[in-house]
Amino acid sequence: MDKYEQVIELAKRRGFLWNSFELYGGSRGFYDYGPLGSTLKRRIEQIWREFYVIQEGHMEIECPTIGIEDVFVASGHVGGFSDPLCECKKCGEAFRADHLVENVMDAAGTLNAEQLTQVIKEKGITCPECGGEFNDAYEFNLMFKTTIGPGTGRQGYLRPETAQGMFVDFQRLSRFYREKLPFGAVQIGKSYRNEIAPRQGVIRLREFTQAECEIFTDPRDKSHPNFERFADKELTLYSQEGQEKGESVRMTVREAVEKGVIAHEFLGYNLALTNEFLTKIGIDPARLRFRQHLKDEMAHYAIDCWDAEIEMDRFGWVETVGIADRTDYDLNAHAKVSKTELYVYVEYDEPKMVTRFTVKPNMGKLGPIFKGKAKAVSEALKQLSEAELNQTEIKVTVDGEEVTVSSDMVEFAEETVKVSGEAVVPHVIEPSYGIDRIFYGVMEHAFEEAHILAMNEPVDGNIDGTAYYPTEDGNYGKTPIPADEQPSEYETRVVMHFSSRVAPVQVAVLPLLTREQLIDPAKKIEEKLREKGLLVTYDDSGTIGRRYRRNDEIGTPFAVTVDYETLQNDTVTVRRRDLMDQRRYPIEGIENMLYDLIYRDKPFESMGEPVKQ
RNA sequence: GCGUUGAUGGUCUAGUGGCUAUGACUUGGGCCUUCCAAGCCCAAAACCCGGGUUCGAAUCCCGGUCGGCGCACCA
């Protein structure tokens, strides 16, 4: 059993992840988040909001998950998100149909599947692998299609990314932020891609959760106002150059920007922010790196693009966040299709005097003569140079027809005007998170199968040669222990080392024994903790040891146990998951104490009295 | 989509053309028990779905679904 299997098995058994539609046999590419999974995911998303919405100030919006066709025509998904595929009848290999006919004709990319099939048949193109014949070509678009309204309705698509919503709302957002760059907006929600063959559990889904942030920046100034915050932060960078050598380097953000490894401050800042977020929710920094897209894999419009990759046991380095400078590509694309200019008017520090040549067609005269064509004629006139206009009879071409305009119908002059600013199409910096993959990364990095000494011995080591000790920040650390000191007899303890900020259960309240005298105070403590807003469970089934292990397995960081001493002096023990050590605290104020442990990074050792084992 | 391989309680698993389908763990109830999956009693719980062959199919055959792996795909 590899780690993936172990984690997925636990996830299924304990209510983190379930296959969707299991009752009916299931369907590939869909997963349910169970009670604990759902909570864990929400908590990850909530921390993401704290980062991007609260700290960075990029407000959250919510757009429909269904989009109308125009949106995806503009974004390129209707045309570009599908490929004509063609399969060999003999060996089953699938090929891009347009690539197959490329050598025998021009503009293969413009043909549809039907035309491609015909060309393949006519030219007798066979499988390059085995020489077999091809099936008919078919379009495979990765977007889910749907119909809006009754009857044939209007063509719609389930969104393949949340980003387009922010682009489509650009004008509204720009006004909301009082037209001052940079500004940003985020969206957390479901996106849909009809993957050909989804696999690898939650790594590739047909319905998945994205958290995307679009920051609209001034293309002329990509310095970051808050750059110093992360300038000296070291990141693991796997740059284009590094990938050639096959090695990543540790480098500060400042150094990387100065050396041109990272294109500019704005991207550098966002890489560091992503690093901060991922490590905060429990991704192991040693299994996290930033990989730069190679020149040929980068979208043609992007200036620079980095993926945050998380190392996973079975899948290797998995892309979980993409951080790209998408330039003005998306806004221009939507401007073109919607026929609406999308820009921000940026005022100069001081107005400039600009001399320019202006043409003013006299519509009062053009109208009666050219009627319906008048508009087109006037547009054509505006394109002419001074020399061309300086004729008694001006010739322009409209709809392929040459027309003559007399000089009294148009005025032109060079004039000097005051210009106080200019229209700027912002460049978009986009950090785009795949929440489901991150969720699995958190699960796997939290997972540990520790081997502990049998029977009542506290953990001192596990079989793969590590021992546990408390670190200064109140977590646990590992240190290698020599092979001859490792225990020979052990039992297995499965622990999810979730950060207490994301753990779906934060405190377990346990009466030592199933006795009424212990149950009553335990229930009262449970209620107190709930009022404080902590995620708490009460459990009195089975022996205390069994309950500790059950909670270890779902990653509950703290367990409060009511024992007989509680009845004498109103104190309880609090057990720390990672080290299985306990300290005794008064019941009075325990809710605040636990809150501080969970949310304020108070060290466990700083409170109460240790309990002798 | 192609090829390949698998599918038995919640989990892991034994098993065979034939009688009431193993076992462990888990779970629920109880007894006992003063802190790390202890013990005892009781209980609940499964042959992926649809066809076919057969007196009889969980087992053999075909198709489907789902999972693993390889190929292709992953703007």
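All chains are named by letter (A, B, ...) in the order of the sequence lines, taking the proteins before the strands, and each is independently numbered beginning at 1.
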Aromatic ring pairing Phe167(A)/Phe216(A), orientation class (parallel under 30°, perpendicular over 60°, tilted between): perpendicular
Centroid-centroid distance, Tyr192(A) to Tyr157(A), less than 6.0 Å: no
Using atom [atom1] in both nucleotides, what's the gap between [N] and [M] to the nearest angstrom?
{"N": "C32(B)", "M": "C42(B)", "atom1": "C1'", "value": "15 Å"}
{"N": "G6(B)", "M": "A46(B)", "atom1": "P", "value": "26 Å"}
{"N": "A45(B)", "M": "U54(B)", "atom1": "C1'", "value": "31 Å"}
{"N": "C71(B)", "M": "G63(B)", "atom1": "P", "value": "25 Å"}
{"N": "U59(B)", "M": "U8(B)", "atom1": "C1'", "value": "11 Å"}
{"N": "C25(B)", "M": "G1(B)", "atom1": "P", "value": "43 Å"}
{"N": "C48(B)", "M": "C41(B)", "atom1": "P", "value": "32 Å"}
{"N": "G67(B)", "M": "C36(B)", "atom1": "C1'", "value": "36 Å"}

Side-chain N,O ([X]) to OP1/OP2 ([N]) below 4.0 Å:
{"X": "Arg549(A)", "N": "A37(B)", "value": "yes"}
{"X": "Arg14(A)", "N": "U11(B)", "value": "no"}
{"X": "Arg28(A)", "N": "G67(B)", "value": "yes"}
{"X": "Arg546(A)", "N": "A38(B)", "value": "yes"}

Rounded to the Å, how far apart are [X] [atom1] and [N] [atom2]?
{"X": "Glu195(A)", "N": "A72(B)", "atom1": "CD", "atom2": "C1'", "result": "13 Å"}
{"X": "Phe30(A)", "N": "G67(B)", "atom1": "CZ", "atom2": "C1'", "result": "16 Å"}
{"X": "Arg206(A)", "N": "U65(B)", "atom1": "CZ", "atom2": "P", "result": "11 Å"}
{"X": "Ile8(A)", "N": "C66(B)", "atom1": "CD1", "atom2": "P", "result": "17 Å"}
{"X": "Leu17(A)", "N": "G67(B)", "atom1": "CG", "atom2": "C1'", "result": "15 Å"}
{"X": "Asp552(A)", "N": "U26(B)", "atom1": "CG", "atom2": "P", "result": "15 Å"}
{"X": "Met580(A)", "N": "A37(B)", "atom1": "CE", "atom2": "P", "result": "9 Å"}
{"X": "Phe21(A)", "N": "U65(B)", "atom1": "CZ", "atom2": "P", "result": "15 Å"}

Salt bridge check, [Y] against [X]: does any charged N sit closer than 4.0 Å to a carboxylate O?
{"X": "Arg314(A)", "Y": "Glu5(A)", "answer": "yes"}
{"X": "Glu609(A)", "Y": "Arg584(A)", "answer": "no"}
{"X": "Arg575(A)", "Y": "Asp552(A)", "answer": "yes"}

Separation between CG of Leu36(A) and CD1 of Ile554(A), rounded to the nearest 0.5 Å: 5.0 Å
Among the nucleotides [options], which one has an atom lying closest to any side-chain atom of [X]?
{"X": "Tyr548(A)", "options": "U34(B), C36(B), G28(B)", "value": "C36(B)"}
{"X": "Ser27(A)", "options": "C66(B), G29(B), C35(B)", "value": "C66(B)"}
{"X": "Tyr564(A)", "options": "C35(B), G10(B), U34(B)", "value": "U34(B)"}
{"X": "Arg193(A)", "options": "C35(B), A75(B), U33(B)", "value": "A75(B)"}
{"X": "Glu9(A)", "options": "G28(B), C35(B), C12(B)", "value": "C12(B)"}

Any donor-acceptor pair under 3.5 Å joining the side chain of [X] to the base of [N]?
{"X": "Arg204(A)", "N": "C73(B)", "value": "yes"}
{"X": "Gln582(A)", "N": "C35(B)", "value": "yes"}
{"X": "Asp563(A)", "N": "C35(B)", "value": "yes"}
{"X": "Tyr24(A)", "N": "C49(B)", "value": "no"}
{"X": "Arg575(A)", "N": "C36(B)", "value": "yes"}

Indicate every side-chain donor-acceptor pair of residues 507-517 of chain A with a distance under 3.5 Å to a residue at least two apart or in another chain.
from, atom 1, to, atom 2, distance (Å)
Thr514(A), OG1, Asp540(A), O, 3.2
Arg515(A), NH1, Tyr564(A), OH, 3.2

G-U wobble or Watson-Crick pairing nucleotide for [N] (cut-off 3.5 Å, both distances):
{"N": "C32(B)", "result": "none"}
{"N": "C47(B)", "result": "none"}
{"N": "A38(B)", "result": "none"}
{"N": "C74(B)", "result": "none"}
{"N": "U65(B)", "result": "A7(B)"}
{"N": "A57(B)", "result": "none"}

Earlier contact from the 5' end, RNA chain B, for Lys12(A) and Thr543(A): Lys12(A)
Position toward the 5' end of RNA chain B (nearest nucleotide), Glu22(A) or Gly25(A): Glu22(A)
Checking all strands, does [X] fall into the base, sugar-phosphate, or nothing category for heavy-atom contacts under 4.0 angstrom?
{"X": "Gln200(A)", "answer": "sugar-phosphate"}
{"X": "Ser75(A)", "answer": "nothing"}
{"X": "Arg314(A)", "answer": "sugar-phosphate"}

Over 12 foreign heavy atoms within 6.0 Å of NZ, Lys12(A): no
Heavy-atom closest contact (Trp18(A) atom, Pro35(A) atom, distance): CH2-CD, 3.4 Å
